[in-house]
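Below you'll find the structure, written out as structure tokens, and then a few comments.
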Amino acid sequence: MPQPVIVARDLVKKYGEFAAVDGLSFEVAPGESFGLLGPNGAGKSTTMRMIGAVSTRTAGGLSILGLDPDRHGPDIRSQLGVVPQADNLDTELRVRENLLVYGRYFGLPRRVVAERADELLEFAQLSDRGQAKVDALSGGMKRRLTIARGLINDPRIILLDEPTTGLDPQARHILWDRLFRLKEQGKTLVLTTHYMDEAEQLCDRLVVVDHGRIMAEGSPAQLIREYSSREVLELRFGSDRNEEVARALEGSGDRIEVLPDRILVYTADGEAELERISAAGLHPITSLVRRSSLEDVFLRLTGRSLIE
Amino acid sequence: MTLVDHALEHRGTGRRGVGALYAGNSRAVMYRGWRATRSTNWLVMLSGLFEPIFYLLSLGIGLGALVGTVAVDGREVPYAAFIAPALLAVAAMNGAIYDSTWNVFFKIRFAKLYEGMLATSLGPLDVALGEIALALLRGALYAGGFMLVMQVLGLNLSWWAVLAIPAVLLIAFGFASIGMAITSYLTTFQQMDWINFVMLPMFLFSATFYPLTVYPEPVQWLIQALPLWHGVELVRGLTTGVVGPELLVHVAYYAAMIAVGLVFTTKRLRALFLD
């Protein structure tokens with residue numbers, strides 16, 4: 001088995017008394033696409049900053065490409081591509097200049113940087129925007145430029161912190177397609193997200209993180225199999241009646257979950273369950289049968305929704 | 001023992017060598033500054049060149065007609081030649097301070113520029129040196145322009161004046177270094193205004209427009225503790241040709257300023273972006 005490119009053992013980051021990251025252990029294999037899934041404040045971004053060698057750990061072991069970030073920060077960073085949560089593009093520079101200048105930060109020769117900048121503009125579908133001002137770009141374009149910028153040093157690992165947060169659905173799909181291509185090229189991707197569809201699309205394997213701790217680990221399919229049923233029946237009886245109906249539904253499916261606006265019934269066969277419930281004389285205002293997702297896994301593990 | 005085990009062996013203690021601070025690539029930071037200046041704010045930059053020239057014309061030539069001459073170390077020099085070197089030192093200070101305070105403040109707090117830079121192989125010392133070097137270049141530009149005007153107006157009284165150029169660079173370096181260090185600790189616009197609050201009186205009272213001897217002794221000590229006075233005296237000594245060993249004291253003052261500023265800037269950038 002090839003050496004893992006990232007190894008974290010009992011990783012801890014404390015700010016004063018508060019432990020933002022509270023004992024994470026995981027490994028990432030080369031070429032793997034690894035996700036950290038969790039709600040805001042779970043410690044994902046802090047973990048990413050430690051992997052990115054811009055934040056020192058309070059305790060625990062961390063090895064990035066076989067190096068200790070405490071002692072080899074610049075060496076590690078020269079092999080990483082970082083796409084931060086908030087775009088920090090250089091607005092005083094034009095689009096192509098952003099790539100040129102960023103490449104120089106890595107000490108790359110001017111000629112190499114110029115060549116790569118053109119390739120990456122094409123990859124980011126921004127070839128015709130090279131001379132545009134950064135502020136004139138749409139949110140999706142800025143994100144793609146940030147990703148292109150993160151690739152200028154031909155990194156071995158790409159760190160993506162909430163890559164599609166705040167983008168419209170179309171822009172997200174374009175971005176996922178670009179990221180999928182990187183994966184096909186054999187790049188190692190590490191990404192954080194609180195979108196389960198994103199995790200399902202992009203991650204080979206992921207850890208579910210809450211309060212700085214790992215709640216579960218596996219591929220999206222494994223996690224769904226292990227922590228949820230095949231299908232989910234969503235029932236709405238009206239906000240004021242959900243609690244009362246929930247008592248009557250006790251025993252339906254494998255498990256039920258009562259949310260403020262709806263009741264979730266976990267079951268192998270949603271349609272059949274819905275028929276049984278109707279036969280018992282309960283008639284929801286709306287009903288929906290869907291496949292289980294990582295959202296359900298998260299709800300099961302923590303008792304809370306991912307997006308609050 | 002594999003590399004991975006070796007890396008894991010070491011527990012995080014925050015112990016880091018100079019290697020984590022400096023990659024020897026502050027040139028890239030300057031390259032960025034040059035491109036940014038070229039595309040956005042060269043006009044703002046140019047305006048700083050004219051301010052001291054206006055002062056020189058109005059006060060030096062205009063008011064100077066009423067004042068006549070002033071004694072520098074027992075030697076009588078025309079009033080314009082007395083204040084011109086002071087204005088030169090002020091020009092260097094202003095150029096350096098503008099770049100190292102407001103520009104740096106904006107980059108730290110709003111543009112997140114340094115966050116992006118420090119995610120690359122650059123270290124905080126690369127960023128600090130690169131930004132300070134830019135401020136210095138701006139200071140040099142202002143100083144060069146002003147020296148030219150002084151030469152044309154016949155206000156350089158000695159060949160020692162040639163050394164005023166490196167002296168002005170030293171002054172710019174000192175102010176840029178301290179300015180960036182202070183700025184890195186400030187978080188609000190109100191705090192940034194304090195800088196102006198200090199700069200203006202320092203400009204007016206540092207023996208810029210009249211000799212230090214007009215003050216009572218305790219005030220003289222206060223003025224002599226401030227950085228601009230050392231800059232004014234240094235440049236004035238050189239352009240008027242009144243040269244003595246005390247000029248070395250002024251040089252030492254700036255060397256200390258540079259060192260202190262760099263240490264705190266680097267420390268602070270590390271705390272802010274590489275916690």
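The chains referred to below are lettered A, B, ... by the order of the sequence lines, with proteins before strands, and numbering in each begins at 1.
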Is a side-chain N or O of R77(A) found less than 3.5 angstrom from the main chain of T120(B), in a donor-acceptor match? yes
Which of K107(B), R27(B), E115(B) touches chain A most, by non-hydrogen pairs under 4.5 Å: E115(B)
Residue F264(B) excluded, over 12 heavy atoms near CZ under 6.0 Å: no
Do you know which of G73(A), G52(A), S55(A) has the most heavy-atom pairs under 4.5 Å to chain B? S55(A)
Backbone N/O of L113(B) and side chain of D90(A): donor-acceptor pair under 3.5 Å: no
Set out, in order, the CA-CA distance, both residues' side-chain angles and the distance that settles side chain to side chain contact (heavy atoms under 4.5 Å, CB included) for R32(B) and E92(A), then state yes or no. CA-CA 9 Å; R32(B) 184 261 157 205; E92(A) 285 182 279; 2.9 Å; yes
Around atom NZ of K112(B), are there more than 12 heavy atoms of other residues, nucleotides or ligands at under 6.0 Å? no
Residues, nucleotides or ligands: over 12 heavy atoms within 6.0 Å of Y185(B) OH: yes
For atom CD of E217(A), decide whether the heavy atoms of other residues, nucleotides or ligands shown that lie under 6.0 angstrom number more than 12. yes
Counting N and O atoms only, with roles assigned by atom type, does the side chain of N25(B) sit under 3.5 Å from a partner on the main chain of R104(A), one being a donor and the other an acceptor? yes
How many angstroms lie between OG in S121(B) and CD1 in I76(A), if you round to the nearest 0.5 Å? 12.0 Å
If I measure from the heavy atoms of chain A, does L122(B) come under 4.5 Å with its side chain, its backbone, both, or neither? both
A quick test of your reading: do over 12 heavy atoms of other residues, nucleotides or ligands sit less than 6.0 Å from CZ of R213(A)? no
Contact summary for A119(B) and Y102(A), nearest pair of heavy atoms: CB-OH, 4.1 Å
Name all residues meeting the side-chain hydrogen bond (donor to acceptor under 3.5 Å, both in side chains) criterion together with N94(B); count only those two or more places apart in sequence or in a different chain, and write none if there are none. none
Taking atom CZ of R96(A) as the centre, report whether more than 12 heavy atoms of other residues, nucleotides or ligands fall under 6.0 Å from it. yes
